[in-house]
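See below for the structure under consideration.
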Amino acid sequence: MSSMKAGSIVIIGSGLIGRSWAMVFASAGYKVKIFDIVQQQVTSAMEDISKQMEELKNSGMLRGSLSPGKQMSLITGCTDLKSALDGAVFIQECIPENLDLKQKIFRQLDALASDNVILSSSTSCLSPVKIFTGLKHVKTCIVSHPVNPPYYVPLVELVPHPETDPATVETTYALMKAVGMSPVKLLKDIDGFVLNRLQYAVISEAWRLVKDGVMSPTDIDIVMSEGLGMRYAFLGPLETAHLNGEGFESYCQRYGEGIKRVLSSVGPVPDLSGEVMEKIHQALSDKVPADPEHLNARRKWRDACLARLATLKKEMQ
Ligand code: NAI
């Protein structure tokens, strides 16, 4: 990965995710260029990143061994795509989740980027087939889907297009590892990728439990944060089962019938609107009012928790 340090990582789109990616790459010593079509976005991204880095340094949560000043010196911003791509080795697209916009920017990148530059998208749920099909550089295209906020949550789902060169997957995987992320590879494309499929299964059952009057929304969140989530921060559901039985086989033999019985009572896809939605919204708003001030304060607290958890996870490895 040291060869990548000779060139630049280009971040396309300087919103929430673009800023976080820029900080991740700079923290590991990579040169980063931030490109956005809105000059004001670039300016505020640079200011915001600088402020965040100082705050992280003061709270002892800055990633990497470089000072905030050194990390900032690796980041530049611009609004001219051609000069942004000059010297690019890896491009991480972070523009809004809209297929037309993504297709348009990737057509531009396809026309301007040199061969071998990896064109990576942060898309949460758009298929690589829809974004990359027909591009002349399709072999070097990949989805690298982060979890918000990537600075604190290391998982990245790597989703290739069917024509993506395996070397692109391996290089992206190695780069993500080099910057302290935890990449996982999807062996084939599936709607929602994996993280969101698991997350939606949980949301769907939580919805049904509220709808059927089994538990309050607040208590359901406690089941996860004080119960399942405690383990899941360290072990996935499959290893949890492996340890809960005498191995996964014995777990299935012991608990399989009960699991199948419960799962057969799982209802249809929830409509995600109406009375149940209002009830959940009300319960959550009683705890954290849904205005920017309260939500941002809670997000800050969440990020601080995640940073502390990351430290603990490193210690426990
Ligand atoms: P955002 O709305 O905060 O930022 C988008 C940025 O893209 C803005 O600065 C905008 O000016 C810029 N932009 C728009 N068109 C552009 C263009 N043609 N060229 C360059 N810049 C352009 O969006 P956010 O939340 O950062 O999301 C970006 C991507 O990351 C989306 O695909 C989203 O699905 C994905 N993602 C978002 C997560 C989240 O929780 N926000 C989590 C994981 C992935």
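Just so you know, ligand 1 is whichever comes first in the structure, and atom 1 is the first atom listed for that ligand. All values below were derived from every heavy atom in this structure, side-chain atoms included, with hydrogens, water molecules and symmetry-related copies excluded. Keep in mind the model is a prediction, meaning the values are calculated, not measured.
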Original post:
Taking atom CG of Leu263 as the centre, does the number of heavy atoms from other residues, nucleotides or ligands within less than 6.0 Å exceed 12?
Top reply: yes
Original post:
Within the structure, does Val38 bring an N/O atom to less than 3.5 angstrom of an N/O atom in ligand 1?
Top reply: no
**OP:** For atom NZ of Lys287, decide whether the heavy atoms of other residues, nucleotides or ligands shown that lie under 6.0 angstrom number more than 12.
**Re:** no
Original post:
What class does the angle between the rings of Phe25 and Tyr30 fall in, given that below 30° is parallel, 30 to 60° is tilted and above 60° is perpendicular?
Top reply: perpendicular
Original post:
Can you tell which of Ser121, Pro96, Cys125 gets a heavy atom nearest to atom 2 (O) of ligand 1?
Top reply: Pro96
Original post:
What residue and atom, counting heavy atoms only, is the protein's closest point to atom 8 (C) of ligand 1, and at what distance?
Top reply: Gln41 NE2, 3.4 Å
Subject >> Numbered atoms and elements of ligand 1 in range of Thr123, under 4.0 angstrom, heavy atoms >> reply: 32 (O)
Original post:
Numbering the atoms of ligand 1 from 1, which are under 4.0 Å from a heavy atom of Lys102?
Top reply: 31 (C), 32 (O)
**OP:** Run the numbers on Lys185 and Glu170 for salt bridge (Lys or Arg N to Asp or Glu O under 4.0 Å), then give the verdict.
**Re:** CA-CA 9 Å; Lys185 301 171 193 168; Glu170 294 314 319; 3.2 Å; yes
Original post:
Given Lys300 and Asn296, is the side chain to side chain contact (heavy atoms under 4.5 Å, CB included) satisfied, shown in steps?
Top reply: CA-CA 6 Å; Lys300 257 196 146 160; Asn296 283 334; over 6 Å; no
Original post:
Does the protein put a heavy atom less than 4.0 Å from atom 23 (O) of ligand 1?
Top reply: no
Subject >> Residue pair Glu163, Lys139: steps toward the salt bridge (Lys or Arg N to Asp or Glu O under 4.0 Å) verdict >> reply: CA-CA 6 Å; Glu163 292 174 61; Lys139 283 184 185 331; over 6 Å; no
Subject >> atom 40 (O) of ligand 1 [closest protein heavy-atom partner, distance rounded to 0.1 Å] >> reply: Asn148 CB, 3.1 Å
Original post:
Ser124 heavy atoms, cut-off 4.0 Å: which ligand 1 atoms fall inside?
Top reply: 33 (C), 34 (O), 35 (C), 36 (N), 37 (C), 43 (C), 44 (C)
Original post:
Among all protein non-hydrogen atoms, which one is nearest to atom 41 (N) of ligand 1, and what is the separation to 0.1 Å?
Top reply: Leu16 CD2, 3.6 Å
Original post:
Can an N or O of Glu93 be found at a distance shorter than 3.5 Å from an N or O of ligand 1?
Top reply: no
Original post:
Is Asp36 in polar range of ligand 1, meaning some N or O pair under 3.5 Å apart?
Top reply: yes
**OP:** Name the option, out of Gly13, Ser144, Cys94, that contains the heavy atom nearest to atom 5 (C) of ligand 1.
**Re:** Cys94
Original post:
Should Lys211 and Glu275 count as an ion pair when the cut-off is N to O under 4.0 Å?
Top reply: no
**OP:** May I ask you to decide if the ring planes of Phe193 and His145 are parallel, tilted or perpendicular, using 30° and 60° as cut-offs?
**Re:** tilted
**OP:** For Ser122, counting its heavy atoms only, list the atoms of ligand 1 lying under 4.0 Å from any of them.
**Re:** 30 (O), 35 (C), 36 (N), 44 (C)
**OP:** Look at atom 31 (C) of ligand 1 and say which protein heavy atom is nearest, naming residue and atom and giving the distance to 0.1 Å.
**Re:** Ile95 O, 3.3 Å
Original post:
What atoms of ligand 1 come within less than 4.0 Å of a heavy atom belonging to Phe35?
Top reply: 19 (N), 20 (C)
Original post:
Among Leu112, Leu109, Ile91, Val89, which one satisfies side chain to side chain contact (heavy atoms under 4.5 Å, CB included) with Val117?
Top reply: Ile91
Subject >> Closest protein heavy atom (residue, atom, distance) for atom 43 (C) of ligand 1 >> reply: Pro146 O, 3.2 Å
Subject >> Protein heavy-atom partner closest to atom 15 (N) of ligand 1 - residue, atom, separation in Å >> reply: Ile37 CD1, 3.4 Å
Original post:
Can we call the ring centroids of Phe248 and His242 under 6.0 Å apart?
Top reply: no
**OP:** Show which atoms of ligand 1 fall inside a sub-4.0 Å distance from at least one heavy-atom site of His145.
**Re:** 43 (C), 44 (C)
Original post:
For atom CD of Glu249, is the number of surrounding heavy atoms from other residues, nucleotides or ligands below 6.0 Å larger than 12?
Top reply: no
**OP:** Return the residue, atom name and 0.1 Å-rounded distance of the protein heavy atom closest to atom 37 (C) of ligand 1.
**Re:** Ile17 CG1, 3.4 Å
Original post:
Sub-3.5 Å donor-acceptor pair from the side chain of Lys279 to the main-chain atoms of Ser216, do we have one?
Top reply: no
Original post:
Of all the atoms in ligand 1, which lie at a distance below 4.0 Å from a heavy atom belonging to Gly15?
Top reply: 3 (O), 4 (O), 6 (C), 9 (O), 26 (O)
